[in-house]
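These numbers were taken from a predicted model, which means no experiment stands behind them. Per chain, numbering begins at 1; letters A, B, ... match sequence-line order.
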Protein chains: 2
Amino acid sequence: MVSSSGTEPRRVTIHDVARSAGVSRQTVSRALNDKDEIDGSTKQRVLDAARELGYRPSRFARGLVRQDTTTIGLVIPDLLNPFFTEVAAAALEAARTRGWHVVVYDTADSAEEELGTLQVITSQVDAVVGYFRCSEDDLERFTRGAPVVLIGREHHTARFSSIRIDGEEGVRAAVAHLVARGHRRIGMLDHDGRAEPSIRREWFTTAAAAYGIDAGLVVGADQSADGGGAALRTLLAAHPDVTAVFTFNDIIAIGALREARRLGRSVPQDLAVIGFDGLQLGTLVEPPLSSVALDTRKLGALAIDQVGRLLTGIDPLGADGLVVRAELRPGGSA
Amino acid sequence: MVSSSGTEPRRVTIHDVARSAGVSRQTVSRALNDKDEIDGSTKQRVLDAARELGYRPSRFARGLVRQDTTTIGLVIPDLLNPFFTEVAAAALEAARTRGWHVVVYDTADSAEEELGTLQVITSQVDAVVGYFRCSEDDLERFTRGAPVVLIGREHHTARFSSIRIDGEEGVRAAVAHLVARGHRRIGMLDHDGRAEPSIRREWFTTAAAAYGIDAGLVVGADQSADGGGAALRTLLAAHPDVTAVFTFNDIIAIGALREARRLGRSVPQDLAVIGFDGLQLGTLVEPPLSSVALDTRKLGALAIDQVGRLLTGIDPLGADGLVVRAELRPGGSA
DNA sequence: AGCGCTCCCGTGAGCGTTCACGTGAACGCT
DNA sequence: AGCGTTCACGTGAACGCTCACGGGAGCGCT
């Protein structure tokens with residue numbers, strides 16, 4: 001099929017098909033995009049010739065002339081992380097209803113890859129939405145004027161939009177829930193690996209203060225179930241009187257759940273657990289995870305919506321409209 | 001920034017930048033792709049002009065002339081299904097190392113969407129990788145000559161490549177494992193919703209026969225954890241003497257695990273469970289799921305590899321090379 | 001002075017499509 | 001017969017960019 005002669009196998013163009021079928025380019029184009037103004041028999045003849053030659057239209061040439069097809073780049077650190085999976089799925093769905101194409105880039109949790117991706121992506125897509133950790137300067141430099149929507153991150157320059165995650169009220173509700181159940185010693189398994197303490201920890205701290213709870217029982221956890229388990233062990237070793245934990249996210253919470261079982265603490269009787277994110281995953285474990293739940297579907301959809309507004313330039317949402325609020329969703333683990 | 005006058009806001013082209021900077025198109029091109037043969041000061045001047053005008057190169061025009069950038073389309077039924085998540089992540093990674101771009105299409109488990117996607121995808125990507133349920137005729141008709149690699153599906157025409165999943169040996173090992181543990185009444189929770197019985201059930205049947213086990217204790221399950229739980233209940237109601245179950249996949253197995261706990265059956269003592277797929281998810285539950293594990297990483301990588309071979313036309317793998325074998329991976333659930 | 005070299009920069013062509021026209025043939029009508 | 005209309009098809013241009021050239025200015029060298 002493919003001739004492997006020494007010379008470069010020149011691409012089959014619409015011209016070749018036209019010549020082979022004895023018609024003009026335009027007629028070929030008409031046949032392929034089945035438009036009017038073409039006779040049935042010649043159409044068939046053209047189609048046959050195209051198939052015969054293995055002709056495939058160039059998406060670039062086509063895209064150049066009809067400026068439809070918008071493609072947006074979705075950048076996430078790790079598709080295997082269920083949180084990003086859910087966001088990505090939501091974004092894909094939202095894009096699909098608009099007929100947009102989404103190129104997904106998984107940066108493998110590497111800052112280096114993120115920058116590399118950013119560099120290459122800009123020349124390949126019309127707009128970018130993603131979860132970035134790099135500096136705004138780098139973003140500014142590498143996106144080169146493309147519309148950008150940041151997820152779950154504050155931004156300080158006007159160049160970007162970002163979807164803010166507001167969990168303050170939800171975390172307060174979670175603490176209130178625990179307090180109402182009689183818990184007074186409430187620990188937190190935070191996400192470490194970041195330089196500064198997480199915003200979620202701040203929410204926890206203020207909520208705890210509001211209820212007169214000691215907010216100092218915090219242990220850093222690796223971003224994994226095993227990390228959550230290990231952190232719980234550390235926490236309980238240091239503070240055996242802890243009866244409830246709030247975690248940075250559901251992955252860590254699930255690890256804690258598992259570890260609690262291994263330690264012989266039954267949930268929620270001996271230990272109450274509340275996670276953050278509200279992943280579907282949390283419904284699979286026993287007992288179902290209580291969580292300060294984020295509407296990941298809305299998160300993805302909102303990001304796509306805003307990117308569309310930026311693309312057309314009409315009526316982009318301001319910061320007020322770009323918020324997703326997390327709410328306490330009781331499962332059985334607290 | 002964007003003028004919303006009545007007229008269509010014509011795109012800013014390289015020509016506009018050239019005029020604004022008082023140079024030629026070529027010089028602009030040199031500045032942007034930072035090539036040699038350009039003076040430092042003019043380069044800066046061009047860059048400034050480009051930023052000023054909000055210039056963004058057209059990926060179509062660029063792609064048209066330099067025929068690099070290959071884009072492949074990845075079609076999956078549901079990104080939220082962990083199996084497809086893992087395959088997709090593996091494919092993304094494999095593509096990334098090659099510098100390829102991957103457009104992901106989630107068909108929302110709908111045959112209709114699948115066909116629609118197939119139709120639109122062909123003009124947007126260089127090759128297609130995916131998990132399809134439609135007929136080969138439809139595939140043939142809609143892919144229009146693009147290289148196609150099917151995942152986990154047999155094919156009968158020479159037009160396509162497909163990665164075959166071979167779990168025969170793995171399922172036999174699973175049954176052997178159960179038999180060695182003294183189980184004689186082994187049920188199966190199959191995937192229903194398909195017309196014909198699954199190939200995995202066939203593997204189970206032949207393995208059971210080899211060990212003199214009744215292979216008739218099969219219940220169809222919905223493709224979800226809840227479905228798995230419901231199916232287990234049905235199975236145990238009909239055959240209370242069942243002490244072990246093999247399931248169509250890990251999702252169903254996890255549902256069964258959860259249901260067993262609710263029924264007061266402890267795993268693996270009162271009920272042994274072995275799933276299929278070997279998802280990472282299986283390690284999160286308690287006890288960790290035993291499973292006939294597929295190397296999803298290899299699955300995705302292999303698909304990308306083959307699509308690359310088809311693209312270049314050199315040395316495409318035959319059916320023998322396109323197999324991923326599933327192997328029993330003991331957890332704690334059996 | 002003449003030659004050659006390097007450094008910058010510009011010009012024409014071409015990538016493969018589609019769009020807006022133009023055109024000839026065939027047909028029906030008054 | 002003359003005219004308008006439809007049908008089927010072809011021709012130039014344009015989309016926005018890069019590549020392969022060509023060429024002038026400035027320099028040092030013999």
Can you tell me which nucleotide in [options] comes closest to the side chain of [X]?
X       : options                : value
B:Ser58 : C:dC19, C:dG10, D:dC17 : D:dC17
A:Arg25 : C:dG16, C:dT17, D:dG10 : C:dT17
A:Val65 : D:dC17, C:dT17, D:dG10 : C:dT17
A:Lys35 : D:dC17, C:dC19, C:dC9  : C:dC19
A:Gln26 : D:dG10, D:dC9, C:dG16  : D:dG10

Using whole Å, what does the distance between atom [atom2] of nucleotide [N] and atom [atom1] of [X] come to?
X        : N      : atom1 : atom2 : value
B:Asp16  : D:dC15 : CG    : P     : 11 Å
A:Arg11  : C:dT17 : CZ    : C1'   : 11 Å
A:Gln124 : D:dG16 : CD    : P     : 18 Å
B:Ile38  : D:dT18 : CD1   : C1'   : 14 Å
B:Asp39  : D:dG24 : CG    : C1'   : 16 Å
A:Leu32  : D:dC9  : CG    : P     : 15 Å
B:Ile14  : D:dC15 : CD1   : C1'   : 14 Å
A:Phe60  : C:dT17 : CZ    : P     : 12 Å

message: Testing the 3.5 Å rule here: is there a donor-acceptor pair between the side chains of A:Arg59 and B:Thr71?
response: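 Yes.
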
task: Taking atom types as modelled, find out whether B:Asp39 and B:Ser41 have a side-chain donor-acceptor pair closer than 3.5 angstrom.
output: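 Short answer, yes.
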
Indicate whether OP1 or OP2 belonging to [N] is found under 4.0 Å from a side-chain N or O atom of [X].
X       : N      : answer
A:Thr13 : C:dG16 : no
A:Ser29 : C:dT18 : yes
A:Thr27 : D:dC9  : no

task: Have a look at B:Asn33 and say if it touches a base, only the backbone sugar-phosphate, or nothing, with a 4.0 Å heavy-atom cut-off.
output: sugar-phosphate

message: Over all strands shown, is A:Arg59 touching base, sugar-phosphate only, or nothing at heavy-atom distances under 4.0 angstrom?
response: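 No contact.
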
task: Using both distances under 3.5 Å as the test, list the Watson-Crick or G-U wobble partner of C:dT23, or none.
output: D:dA8

message: Could you tell me the Watson-Crick or G-U partner of C:dT30, where both distances fall under 3.5 Å? Say none if there is no partner.
response: D:dA1

Side chain to side chain contact (heavy atoms under 4.5 Å, CB included) between B:His15 and B:Val28, intermediate numbers included: CA-CA 8 Å; B:His15 211 108; B:Val28 176; over 6 Å; no

Does [X] make a side-chain donor-acceptor contact with the base of [N], cut-off 3.5 Å?
X       : N      : result
B:Arg30 : C:dG10 : yes
B:Gln67 : C:dC15 : no
A:Glu37 : D:dC7  : no

message: Determine whether A:Val128 and A:Ile72 satisfy the following criterion, side chain to side chain contact (heavy atoms under 4.5 Å, CB included), listing intermediate values before the conclusion.
response: CA-CA 6 Å; A:Val128 177; A:Ile72 77 163; over 6 Å; no

message: Distance check, rounded to the nearest 0.5 Å: B:Arg56 atom CZ versus A:Thr143 atom OG1?
response: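 Rounded to the nearest 0.5 Å, the CZ-OG1 separation comes out at 8.0 Å.
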
- prompt: Do B:Phe132 and B:Glu114 touch side chain to side chain, with heavy atoms closer than 4.5 Å?
  reply: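 Answer yes - side chains close enough.
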
message: I want to confirm an ordering. Mapping B:Val23 and B:Leu64 to their closest nucleotides on DNA chain C, which one lands closer to the 5' end?
response: B:Val23

